[in-house]
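What follows is one structure encoded as structure tokens, with my remarks underneath.
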Amino acid sequence: MKVVLYIYSALFVFALSFSVIKKAPKGQDETFSNRVKIALRNTGNTLLLQSRDSSSLVLPVVQNGPQSFQLTFEMELPIVPDSLVASVARNFKAMNLPSDYLVEVVDCQQHEVNYSYAISDNEERNIVPCLGRNLPKNCYSINVIFPKPTDAKESKLSAPWYTLAVFGTLGIGLFFLVKRKDANGSQDVLSYIPIGNYAFYKDQNKLVKDGVDIKLTAKETDLLKIFAENINQVVSRDQLLKDVWENKGVFVGRSLDTFISKLRKKFKDEVHINLINVHGVGYKLEILK
């Protein structure tokens with residue numbers, strides 16, 4: 001069990017390291033940048049095909065800042081706002097990108113914004129003007145800005161931290177399991193008294209032989225404690241009565257003989273153990289070697 005705990009500890013440290021690495025600032029996430037570039041290139045390809053241009057190139061998407069990207073074209077093309085809005089939304093969703101962004105269509109020569117719109121997480125704040133009013137064929141670049149330093153839509157508990165939480169929960173359970181096993185193991189090793197092939201658990205009122213529990217009553221346990229401390233020695237009847245009964249303010253008649261008889265039955269399957277009556281003196285728990 002301790003080996004399992006050590007292995008788990010190593011895995012937990014690995015998960016912790018992995019979660020810290022994955023928790024790096026989103027603006028430095030190359031995966032985010034690559035997904036934006038793929039989405040914009042596919043958007044550019046869609047716009048060219050809609051303008052019946054299947055031969056000119058979509059130039060490489062340039063990242064101008066942590067949250068700013070620029071799409072440019074080899075040739076001039078017209079811009080249909082309806083198609084631009086729909087294509088960007090579709091490709092951003094396919095790449096699992098944030099739904100909060102600003103798009104600008106800029107004249108390459110004049111460097112003026114000829115068209116722009118804003119999409120927000122809150123649909124009521126979306127600003128998409130001039131749908132249905134097309135921009136003439138010209139040299140355009142399309143700029144996309146993500147106002148929030150947020151990567152793709154993620155659950156509030158990201159995958160690495162979710163993994164860490166699972167490991168932590170399992171670790172707590174495993175810790176208490178190991179602790180309980182160790183406690184039981186210590187108890188098994190330290191708290192029993194060997195009597196021949198039997199293990200006598202005085203604090204649990206039982207004998208154990210070959211993995212089988214043999215229950216004892218409180219009085220049987222009290223008597224066997226005395227005998228176990230005096231193996232192969234005669235214990236006087238008076239001492240047994242005093243220690244087990246009289247000191248507890250209980251008057252007995254033949255109770256001692258009755259319980260001695262019950263204890264003999266507990267050892268009936270062990271020929272090397274005898275609880276014998278020493279006439280006129282008392283009893284002896286005899287273990288033959």
Side-chain angles (χ1 to χ4, degrees), residues 18 20-155 158-160:
F18 179 66
V20 171
I21 293 172
K22 292 294 287 184
K23 206 62 180 178
K26 299 295 196 305
Q28 301 176 10
D29 186 355
E30 294 183 1
T31 301
F32 168 68
S33 175
N34 292 336
R35 285 187 284 115
V36 174
K37 291 178 180 179
I38 292 172
L40 287 180
R41 286 187 62 82
N42 199 45
T43 296
N45 181 63
T46 300
L47 295 178
L48 287 175
L49 292 176
Q50 288 177 347
S51 66
R52 302 183 184 279
D53 182 349
S54 59
S55 59
S56 65
L57 300 177
V58 177
L59 299 180
V61 176
V62 177
Q63 184 172 359
N64 296 322
Q67 308 297 125
S68 177
F69 299 83
Q70 185 178 66
L71 170 66
T72 55
F73 303 88
E74 180 185 28
M75 304 296 292
E76 295 181 349
L77 79 164
I79 297 293
V80 180
D82 305 65
S83 300
L84 175 63
V85 172
S87 182
V88 170
R90 181 173 60 254
N91 285 295
F92 278 19
K93 182 177 181 180
M95 289 290 102
N96 198 27
L97 294 171
S99 57
D100 194 339
Y101 54 87
L102 172 68
V103 177
E104 296 178 339
V105 179
V106 180
D107 186 310
C108 299
Q109 304 299 327
Q110 304 297 325
H111 302 289
E112 295 178 350
V113 177
N114 287 3
Y115 178 73
S116 64
Y117 69 93
I119 298 297
S120 173
D121 292 326
N122 184 349
E123 293 185 2
E124 295 180 358
R125 298 173 58 186
N126 289 349
I127 302 176
V128 186
C130 302
L131 292 177
R133 298 177 60 181
N134 302 342
L135 300 181
K137 189 174 183 179
N138 198 356
C139 176
Y140 296 109
S141 63
I142 298 175
N143 298 333
V144 176
I145 301 170
F146 296 91
K148 296 180 181 179
T150 307
D151 198 355
K153 300 175 185 176
E154 298 178 344
S155 62
S158 60

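No hydrogens, no waters, no symmetry mates; every other heavy atom, side chains included, goes into these values.
- If you take CG on N45 and CG on L57, they are separated by 10.5 Å, rounding to the nearest 0.5 Å.
- The two atoms that bring Y101 and V144 nearest to each other are CB-CG1, 4.4 Å, heavy atoms only.
- Using a 4.5 Å cut-off on side-chain heavy atoms (C-beta onward), S68 and N143 make no contact.
- P66 and F32 get closest at one heavy-atom pair: O-CE2, 4.1 Å.
- Here the side chains of V36 and L97 are in contact, with some heavy-atom distance below 4.5 Å.
- Residue F92 comes nearest to A39 through the heavy atom pair CD1-CB, 3.6 Å, listed as atom of the first residue, atom of the second, then distance.
- Counting heavy atoms from C-beta on, the side chains of S54 and L48 never come closer than 4.5 Å.
- Shortest non-hydrogen contact noted between P78 and S51 is CD-CB, 3.7 Å.
- With D53 contributing its side chain and S55 its backbone, the two residues share a donor-acceptor pair below 3.5 Å.
- Between Y115 and Y140, the ring centre distance reaches or exceeds 6.0 Å.
- The closest side-chain heavy-atom distance from T43 to I142 is not below 4.5 Å.
- For the pair T46/Q50, a side-chain contact is recorded, criterion being any heavy-atom separation below 4.5 Å from C-beta on.
- Going from atom CG of L102 over to atom OG of S120 covers 11.5 Å, rounded to the nearest 0.5 Å.
- Summarising the geometry of E76 relative to K137, their closest heavy-atom pair is O-CE, 3.6 Å, with the distance given to 0.1 Å.
- Residue V62 comes nearest to N64 through the heavy atom pair CG1-OD1, 3.4 Å, listed as atom of the first residue, atom of the second, then distance.
- Using a distance-only test at 3.5 Å, with no hydrogens or angles considered, no donor-acceptor pair links the side chain of S83 to the main chain of I79.
- In this structure, the separation between CZ on R41 and CG on L59 is 8.0 Å, given to the nearest 0.5 Å.
- Within the 4.5 Å cutoff, the side chain of V105 has heavy atoms near those of the L84 side chain.
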